[in-house]
Amino acid sequence: MTQRLDRRGFLAATGAAAGSLAFLGPKELLAQEGSTLRFALSTYPPSFDAWASSGTAAGTIKLMMHRGLLSYGPDGAMRGELAENWEVDDEGAWVFTLREGATWHDGSPVTAEDIAWNVTEAQKPDSAAYFQGQLALITSVETPDERTVRMVTEEPLAVLPGWFAHYHMPMLKKGEPRDTTIGAGPFTMENRERGVSISLKAFDGYYKEGLPKLAGVEAIVYADENLRVAALEAGDVDLSEYIPWQAMAQVEENADLKLDTVDGPFMYLTFNGERPPFDNPLVRRAVAHAIKREDIVAAAFYERGGALEHLPIAEESEFYNPDLANAWNYDPEKAQQLLAEAGYPDGFDCVLLSTAQYGMHQSTAEVCQAYLSMIGINVQLDLPEWSTRVQKGNEGQYDLAVMGTTADNNDPDGLSTILDGSLPPGFVRSYGLETPEISELFSEGRATFDTEERKRIYKELEQTAIDTAPIVGLAWRAQGYGMKSNVSGFTNMPGQLTFYSGITLEETLFG
């Protein structure tokens with residue numbers, strides 16, 4: 001019997017929370033096409049490596065230059081990009097049919113051979129690709145013809161399309177370096193001045209007729225968040241990412257501007273599992289119970305967020321477990337008992353890695369520092385600029401670290417890159433911390449299409465994570481884009497997809 005899934009079947013659940021979340025309305029009548037939009041970036045991309053995780057600013061630039069097999073629409077539902085169809089065949093392999101007419105920026109066609117090359121290169125053990133560990137589960141890639149790609153796996157992989165919808169897994173032309181500016185996206189790289197700006201222009205060979213609507217995008221770096229807001233208010237930019245929480249109200253109150261926020265991103269702590277004392281789960285659990293999260297929401301996010309005392313699975317999700325919602329509750333007495341049980345009754349000294357480039361990261365670190373001191377953990381803060389923070393996280397140059405991100409999508413498997421210790425090192429998860437039970441449960445969850453069975457698996461996974469604390473949840477946060485009131489078509493994507501929002505620049509225009 002053939003088991004087939006259409007694009008709004010099982011995997012549309014990765015955008016299940018989208019229906020209850022707001023997105024931008026219809027285009028304004030006076031909007032004009034053919035303009036160049038000035039976009040305020042929060043940092044210059046540390047890397048243009050298409051398959052690496054280097055932060056949201058880098059992701060936004062990638063989403064202008066590149067496209068993957070799949071992506072997500074403004075409503076959060078999975079949709080085709082370079083692939084127009086995807087389904088499971090009789091033998092359980094995923095088959096992708098490429099759309100006709102898609103070309104690379106140099107004018108050559110996108111072929112099945114290109115796609116197969118991407119998969120086999122990114123899955124190599126030394127690739128350091130964000131999805132290397134997941135792609136290693138693909139045993140072979142077949143190309144029966146120029147438009148068909150068949151991916152074979154040893155076991156069923158219900159979540160595989162989600163990997164190819166992620167902006168860290170765009171497709172490159174065969175043989176191109178990973179930091180190539182030749183892609184298949186709506187914009188081409190025109191010029192760049194390191195640390196200052198990146199200019200992109202519309203690609204007239206883009207496979208979506210009539211898109212992009214802009215003539216180009218001038219991405220200008222404002223590393224100082226206050227200057228970023230000032231530039232928006234002064235009209236020096238048209239659209240800005242990372243509106244700081246303390247400035248959201250003033251943007252909302254400005255008649256010339258509008259603010260688009262969604263809930264979904266979250267703050268958490270990661271640990272260096274190769275160094276004592278954080279190789280001990282009792283110590284990690286002590287940290288989990290030592291911090292009053294409401295103070296993080298107030299200090300870092302000006303009450304635009306909420307306490308996170310469990311894994312970052314939203315209440316709107318069908319996988320939310322209310323009985324585990326307060327499992328990492330604030331309980332300093334319990335924290336001290338756990339420290340004593342771990343052999344540290346008098347506490348210890350350690351270094352907490354964060355960054356001063358984003359106020360939310362620094363404020364979160366300062367609140368953690370204050371509360372940990374109350375149970376005898378004396379914390380020294382390390383606050384480098386963002387690119388150094390990324391490097392230190394990747395290399396394990398810390399004891400514990402503040403991190404903020406989203407899951408890869410709105411499905412629980414999207415948390416694997418944050419929790420699964422069997423994956424290659426990455427700054428978004430704890431360093432050198434093995435999680436055999438969690439890794440196995442993720443594997444079980446990927447192998448079934450049955451929703452009730454997946455709920456059971458992910459509840460067991462969440463309980464295991466609470467008991468072993470490979471990360472410690474801290475706070476949900478609102479994520480905001482600010483823009484001129486005459487900008488239309490740009491959408492802050494729902495829930496965990498907010499960092500995918502750059503994909504809607506192909507629909508954006510203003511006038």
Side-chain angles (χ1 to χ4, degrees), residues 10 13-21 158-159 263-271 281-297 305-338 341 371 405-421 429-430 433 435-477 494-496:
F10 167 81
T14 58
S20 61
L21 295 168
V159 300
D263 293 328
F266 49 88
M267 306 300 291
Y268 59 105
L269 292 173
T270 62
F271 304 95
L282 294 176
V283 175
R284 301 194 297 270
R285 286 174 54 200
V287 169
H289 291 290
I291 299 165
K292 189 175 183 181
R293 289 152 173 86
E294 290 79 4
D295 285 358
I296 293 175
V297 176
L308 176 57
E309 298 177 335
H310 57 98
L311 285 190
I313 299 173
E315 288 187 40
E316 298 85 357
S317 171
E318 61 185 326
F319 297 97
Y320 176 70
N321 299 302
D323 55 320
L324 301 178
N326 305 112
W328 284 328
N329 65 308
Y330 175 56
D331 189 341
E333 290 185 2
K334 184 173 183 178
Q336 289 179 316
Q337 291 171 359
L338 287 164
E341 188 178 346
Y371 274 101
T405 190
T406 66
D408 288 334
N409 51 52
N410 288 327
D411 187 271
D413 190 71
L415 293 171
S416 62
T417 51
I418 297 163
L419 291 169
D420 190 347
R429 59 184 164 271
S430 293
L433 186 58
T435 59
E437 292 179 74
I438 289 173
S439 301
E440 178 59 31
L441 288 165
F442 272 124
S443 180
E444 289 181 24
R446 294 182 188 120
T448 179
F449 290 82
D450 183 84
T451 299
E452 292 306 312
E453 177 64 8
R454 296 183 88 229
K455 286 181 181 179
R456 181 198 66 76
I457 291 168
Y458 291 125
K459 183 170 185 178
E460 182 180 349
L461 187 152
E462 183 170 15
Q463 184 63 67
T464 302
I466 285 164
D467 293 340
T468 59
I471 66 165
V472 164
L474 296 175
W476 295 104
R477 71 178 200 243
Q496 305 283 8

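The structure displayed is predicted, hence computed values, not measured ones.
Side chains of L415 and L461 form no contact here, defined as non-hydrogen atoms less than 4.5 Å apart. Taking the side chain as every heavy atom from C-beta outward, W328 and L311 approach each other to under 4.5 Å. The closest side-chain heavy-atom distance from V472 to I291 is not below 4.5 Å. The side-chain heavy atoms of R454 and V159, taken from C-beta on, include a pair separated by under 4.5 Å. Two residues are said to be in side-chain contact when any heavy atoms from C-beta on lie closer than 4.5 Å; L474 and F266 fail this criterion. Using a 4.5 Å heavy-atom threshold, the side chains of E444 and L441 count as touching.
For the atom pair CG (D408) and CD1 (I418), the distance works out to 7.0 Å, reported to the nearest 0.5 Å. I438 contributes atom CD1, which lies 10.5 Å from atom CD of E462 (distance to the nearest 0.5 angstrom). With rounding to the nearest 0.5 Å, the separation of CD in E341 from NZ in K334 is 10.5 Å. Atoms OG1 and CD, on T405 and Q496 in that order, are 8.5 Å from each other to the nearest 0.5 Å. To the nearest 0.5 Å, atom CG of residue L282 and atom CG of residue D467 are 11.0 Å apart. Remark: M267 CE to L269 CG distance equals 9.0 Å, nearest 0.5 Å.
The minimum heavy-atom distance between P470 and S430, with the atom names listed, is O-OG, 2.5 Å. Between A325 and Y320, the shortest heavy-atom distance links the atoms CB-OH, 3.3 Å. For the pair A475 and I296, the tightest heavy-atom approach, listed with the atom from each and the gap, is CB-CG2, 4.0 Å. The shortest non-hydrogen separation linking D413 to F442 is OD1-CD2, 3.8 Å. Contact record, T435 with G421: OG1-N, 2.7 Å, taken as the closest heavy-atom pair.
Remark: side-chain polar atoms of R284 are paired, donor with acceptor, to backbone N or O of T468 under 3.5 angstrom. Under the 3.5 Å distance criterion, the side-chain polar atoms of T406 are left unmatched by any main-chain donor or acceptor of G264. Side-chain atoms of R429 come within 3.5 Å of backbone atoms of T417 as a donor-acceptor pair (strictly under, hydrogens ignored). In this structure, the side chain of H289 engages the main chain of N329 through a donor-acceptor pair within 3.5 Å. Side-chain atoms of W476 do not come within 3.5 Å of backbone N or O of L308 as any donor-acceptor pair. Formation of a donor-acceptor pair under 3.5 Å by the R293 side chain with backbone atoms of G473 is found in this model.
Remark: Y458 engages F319 in a ring-ring contact (aromatic ring centres under 6.0 Å, His included) (not counting sequence neighbours). Legend: residues meeting side-chain contact (heavy atoms from CB on, under 4.5 Å) with K459, ordered by chain and number and at least two apart, are N321, D323, L324. Considering only residues two or more places apart in sequence or on other chains, E452 meets the salt bridge (charged side-chain N to carboxylate O under 4.0 Å, His left out) condition with K455.
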| field | Test log, rule side-chain contact (heavy atoms from CB on, under 4.5 Å), inputs V283 and F271 | value | CA-CA 10 Å; V283 175; F271 304 95; over 6 Å; no
| said: Checking E309 against N326 for the side chain to side chain donor-acceptor pair (under 3.5 Å) test, could you report, in this order, the C-alpha distance in whole Å, the side-chain angles of both residues, the deciding distance, and whether it holds? | reply: CA-CA 5 Å; E309 298 177 335; N326 305 112; 2.9 Å; yes
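Remark: E437 CD is loosely packed, at most 12 non-hydrogen atoms of other residues, nucleotides or ligands lying under 6.0 Å away.
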